[in-house]
*Asks:* 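Right, I'll just put the structure down here and ask away after.
These values consider heavy atoms only, across backbone and side chains, with no hydrogens, waters or symmetry-generated copies.
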Amino acid sequence: MQDIRWKAFWLIVSLTFICLIVWAANDAETALITFSVGITLYLAHHLFWLAKLLAWYKKPDLNAMPLGSGAWEDVFATIYHEQRRHNRSKIQLSSALDRFRHAASALPDGVVLLDDDNKIEWCNKPAEQQLGLSLKQDINQPIVYLVRNTDFIQYLKHHVDIDPIKLKSWIKSDITLEIQLVAFGSNQKLLISRDISQVEKLEHMRRDFIANVSHELRTPLTVVGGFLETLSDMDGAVPESLRNYFGMMQDQTSRMRLLIEDLLTLSQLESGATSPDEAELDVPALLNTILNESKSLSNGRHTITLDANPNLSIIASAQELHSAFGNLVGNAIRYTPEGGSITMHWDENNQEAVFSVIDTGLGIEQQHIDRLTERFYRVDRSRSRETGGTGLGLSIVKHILSRHQGRLEITSEFGKGSTFKAVFPKSRIVSK
Ligand code: ADP
């Protein structure tokens, strides 16, 4: 650019200089005519190359690029280099895009690129098969016109970057799909669909197996427990020297019975997404029942108090919430030494309904907290056993809460106590 300006500058200076010489040698009129002719030629030269540039621009072939003269030499050279660089990066980009498409096509999962209006920009073969799309016909079509599944449409409307959803395929009823939306770029979305029928089948088998084993064990255990109880109650049936062993056998059978009951509860909870008996639930009344039950479990060893908002109720399953809240309070009693206190709260917070159990018990070290809801995860195995724990209580609580779209929040300070909160969404609240 600098070069061009200098060239133009020197040309005008030279022309002026020549005109001055002409003026000195002749007269002012001849000098002015010389200057006008010079400027006209200069303009004609520029117009000529501008027309050449325009003509080339309509058909931008690098091999047919004019060479230019004067200042235009630089202009054409710059355009030539820029165009070459542009062509090179275009080739690189398109080969990168080709590589991406090949890689995405080879994925076993379905991938659909959606724009900000949920129109299909591209999809791979598995997506065509799983979602019933056709790239050729459906490109630029809104995906909601093509996939007429209400759950899918709801998910697409609201859920980007959250947990995937499971759906029965609308193409083949024996296929279960997991669908996830991931945001990328400016408002674009990546829809990933995965065939999880096999995983679901195995999960189903595992649940059935646990449920069946638990059922099969329940009857013989009831018989053994019954006989042990009868024999203990019969005068002289058990020699004094064996009474101790009989007590241990009874404790162990009732522990096994509790375990089986919890396993059955868990497999029942896992088998359905929603509770069958959901209705408007008078939570304060339920909490009063739990307060009485917990007082009898504590047997006067703790101070237990309840502070419940009488006007706050939710839509929930009474049986399931009794079990979840009972579990949390039961744990607080079991893991709080004698003399400690347990406080139950029920109130609204940030438009959510929250049940909290606060104890002044043993507390839990931070590294255990994330794992507490895993099956059979215990911080202190022997204490859990001594106090009649099965290691399944918090798993049950977590399942029940997730069936109510709720969540469990745990905070604890080792040696000082813990707070367990069951939080329910606004959509479940019915305020009186
Ligand atoms: P468990 O039957 O062993 O109590 P849970 O699933 O109910 O099983 O609880 C898992 C573990 O979490 C317990 O073993 C215990 O270590 C810990 N825990 C649960 N509640 C409390 C509490 N209120 N205070 C201290 N630890 C707790």
Side-chain angles (χ1 to χ4, degrees), residues 89-207 269-276 278 315 399 402-407 425-428:
S89 57
K90 217 163 101 180
I91 291 168
Q92 276 168 359
L93 258 172
S94 93
S95 91
L97 197 68
D98 272 355
R99 279 206 306 277
F100 162 76
R101 286 193 172 158
H102 271 114
S105 300
L107 280 175
D109 295 342
V111 179
V112 186
L113 298 187
L114 298 173
D115 69 7
D116 50 353
D117 291 327
N118 288 331
K119 287 184 184 154
I120 300 170
E121 287 186 342
W122 180 82
C123 71
N124 66 358
K125 268 263 169 298
E128 289 186 308
Q129 286 154 3
Q130 289 170 3
L131 306 174
L133 304 173
S134 156
L135 182 59
K136 269 193 196 143
Q137 288 164 20
D138 301 336
I139 197 152
N140 288 330
Q141 296 291 319
I143 195 163
V144 285
Y145 293 170
L146 304 161
V147 178
R148 304 296 307 158
N149 179 295
T150 39
D151 289 338
F152 176 81
I153 293 171
Q154 278 305 103
Y155 181 70
L156 201 66
K157 268 189 195 154
H158 306 292
H159 306 284
V160 167
D161 286 341
I162 70 149
D163 293 346
I165 48 160
K166 279 185 206 169
L167 292 175
K168 275 266 159 252
S169 163
W170 44 95
I171 313 288
K172 257 185 169 180
S173 60
D174 58 338
I175 286 181
T176 308
L177 296 175
E178 187 181 76
I179 307 277
Q180 182 162 28
L181 274 175
V182 184
F184 82 100
S186 52
N187 257 341
Q188 281 163 300
K189 290 169 207 155
L190 198 63
L191 185 136
I192 301 162
S193 65
R194 177 171 296 166
D195 182 348
I196 52 161
S197 319
Q198 205 53 30
V199 180
E200 278 286 287
K201 213 164 141 186
L202 285 172
E203 184 61 19
H204 209 277
M205 278 164 66
R206 182 191 64 81
R207 273 203 305 267
L269 288 171
E270 283 176 334
S271 60
T274 50
S275 321
E278 281 189 3
I315 305 280
H399 266 90
S402 82
R403 273 155 76 99
H404 289 81
Q405 295 78 48
R407 61 181 191 278
K426 185 183 166 197
S427 54
R428 293 234 158 222

*Asks:* Please check if the side chain of Gln188 supplies one atom and the backbone of Leu113 the other of a donor-acceptor pair under 3.5 Å.
*Replies:* no
*Asks:* Minimum heavy-atom separation for Arg206 to Glu203, with atom names?
*Replies:*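 Of all heavy-atom pairs spanning Arg206 and Glu203, the closest is NH2-OE2, 2.6 Å.
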*Asks:* What heavy-atom pair brings Ile139 and Glu121 nearest, and what distance separates the two atoms?
*Replies:* CD1-O, 3.3 Å
*Asks:* I'd like to know if the side chain of Asn124 reaches the main chain of Val111, judged simply by a donor and an acceptor atom lying under 3.5 Å from each other, with no hydrogens or angles considered.
*Replies:* yes
*Asks:* Taking the side chain from Ser197 and the backbone from Thr176, do they hold a donor-acceptor pair closer than 3.5 Å?
*Replies:* yes
*Asks:* For Asp117 and Lys119, indicate whether the former's side chain and the latter's backbone hold a donor-acceptor pair under 3.5 Å.
*Replies:*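 Pair absent, no side-chain N/O of Asp117 close to backbone of Lys119.
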*Asks:* Can you run down the ring-ring contact (aromatic ring centres under 6.0 Å, His included) pairs that involve residues 130-149, sequence neighbours left out, and say none if there aren't any?
*Replies:*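 Counting only pairs at least two positions apart or across chains, no ring-ring contact (aromatic ring centres under 6.0 Å, His included) contact touches residues 130-149.
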*Asks:* In Å and rounded to the nearest 0.5 Å, what is the CD1 to CG distance from Ile196 to Leu167?
*Replies:*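 Output value for this atom pair is 9.0 Å.
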*Asks:* Say you draw a straight line from CD1 of Ile120 to CG of Leu114; how long is it, rounded to the nearest 0.5 Å?
*Replies:* 6.5 Å
*Asks:* Looking only at heavy atoms, what is the nearest atom pair of Ile179 and Tyr155, with distance?
*Replies:*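 Reported closest heavy-atom pair: O-OH, 3.6 Å.
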*Asks:* Atom CZ in Arg101, atom OG in Ser94: separation rounded to 0.5 Å?
*Replies:*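 Reported value, rounded in 0.5 Å steps: 10.0 Å.
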*Asks:* Can you find a heavy atom in the side chain of Lys168 that is under 4.5 Å from one in the side chain of Ser173?
*Replies:*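 No, side chains not in contact.
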*Asks:* Between Ser169 and Gln130, is a side chain to side chain contact (heavy atoms under 4.5 Å, CB included) present by the stated rule, with each step listed?
*Replies:* CA-CA 7 Å; Ser169 163; Gln130 289 170 3; over 6 Å; no
*Asks:* Consider side-chain contact (heavy atoms from CB on, under 4.5 Å). Of Leu190, Asn118, Val112, Leu191, which one does Leu181 pass it with?
*Replies:* Leu191
*Asks:* In Å, rounded to the nearest 0.5 Å, how long is the span from OG of Ser134 to CD of Gln129?
*Replies:* 11.5 Å
*Asks:* Looking only at heavy atoms, what is the nearest atom pair of Pro425 and Gln405, with distance?
*Replies:*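 Smallest interatomic distance, heavy atoms only, reads CD-O, 3.2 Å.
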*Asks:* What's the shortest heavy-atom distance between Ser105 and Pro126, and which atoms?
*Replies:*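 Closest approach of Ser105 to Pro126: O-CD, 4.2 Å.
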*Asks:* Compare all side-chain heavy atoms of Leu133 with those of Val147 and state whether any distance is below 4.5 angstrom.
*Replies:*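 When only atoms from C-beta onward are counted, Val147 and Leu133 do touch, with a gap below 4.5 Å.
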*Asks:* Roughly how far, to the nearest 0.5 Å, is CG of Asp98 from CD1 of Ile91?
*Replies:* 12.0 Å
*Asks:* According to salt bridge (Lys or Arg N to Asp or Glu O under 4.0 Å), who are the partners of Lys166, at least two apart in sequence or on a separate chain?
*Replies:* Glu200
*Asks:* From Ile143 CD1 over to Leu131 CG, what is the distance, rounded to the nearest 0.5 angstrom?
*Replies:*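 So the gap between those two atoms works out to 6.0 Å.
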*Asks:* Between Leu269 and Arg403, which heavy-atom pair has the shortest distance, and what is it?
*Replies:* O-NH1, 2.8 Å
*Asks:* Should the pair Glu278-Arg428 be classified as a salt bridge under the 4.0 Å nitrogen-to-oxygen rule?
*Replies:* yes
